[in-house]
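Okay, so here's the structure we're looking at.
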Amino acid sequence: MSVPDPIVNVAVLCGTVVREPEVRVLASGAVLLGYEVRVGGRPPDATTVPVVWPDPPARRPTIAAGDVVVVVGHVRRRFFRVGGATQSRTEVVAERIRVPRSGRHARDLVEQALVGAGEQATAGG
């Protein structure tokens, strides 16, 4: 009997916030921050990725449009109803967001996230 490969859902983004963060307070009282992060250079080669950060820590970085960020989280597809039709949205759910001090710091943060993902995969999720 063979052991299946581990299933790991890890997303690591390094890109530019393209619009001011959106703060939403849910009916439960939970806070949800929403970002759009551009990765992969400039249009038309760039991709804009929706990022949500549920219940961010009180001591979170101040993030504004134009800031470079490193996001570590996982990919989620959620379904919802609008006008009687079911729609979906794929987004990255952030576990951590950092504003790097320099390009080298950004690379270090991405490398740390990838090492952590490798350790998670080795441990079996």
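The first residue of the sequence shown is numbered 1, and numbering continues consecutively from there.
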Got [X] and [Y] here, is their nearest side-chain heavy-atom distance under 4.5 Å?
X	Y	result
Arg76	Glu91	yes
Gln87	Phe80	yes
Arg89	Pro50	yes

Shared ILVMFWY cluster between [X] and [Y], side chains joined below 4.5 angstrom?
X	Y	result
Trp53	Val99	yes
Leu13	Val10	no
Phe79	Val82	no
Val52	Val69	no

Closest non-hydrogen atom pair between [X] and [Y], with its separation:
X	Y	result
Ala106	Cys14	CB-SG, 4.0 Å
Leu33	Arg60	CD1-NE, 3.4 Å
Ala64	Pro21	CA-CD, 4.3 Å

Arg78, CZ atom: more than 12 neighbouring heavy atoms under 6.0 Å: yes
Greater than 12 external heavy atoms within 6.0 Å of Glu111's CD: no
Under 3.5 Å: donor-acceptor pair, side chain of [X], backbone of [Y]:
X	Y	result
Asp67	Val17	no
Glu36	Val18	no
Asp55	Val31	yes

List the steps and the verdict of side chain to side chain contact (heavy atoms under 4.5 Å, CB included) for Leu114 and Gln112. CA-CA 5 Å; Leu114 294 173; Gln112 290 169 12; over 6 Å; no
Chi angles and distances behind the side chain to side chain contact (heavy atoms under 4.5 Å, CB included) call for Arg19, Tyr35: CA-CA 7 Å; Arg19 64 176 173 79; Tyr35 303 91; over 6 Å; no
Among Val92, Val51, Val68, Val70, exactly one meets side chain to side chain contact (heavy atoms under 4.5 Å, CB included) together with Val37. Which residue is that? Val51
What's the spacing between Leu32 CG and Arg24 CZ if we round to 0.5 Å? 5.0 Å
What is the distance from atom CZ of Arg101 to atom CG of Asp108, rounded to the nearest 0.5 Å? 9.0 Å
Criterion side chain to side chain contact (heavy atoms under 4.5 Å, CB included) on Glu95 and His74, from CA distance to verdict: CA-CA 8 Å; Glu95 296 163 13; His74 62 276; 3.2 Å; yes
Thr48 side chain to Arg38 side chain, donor-acceptor N/O pair below 3.5 angstrom: no
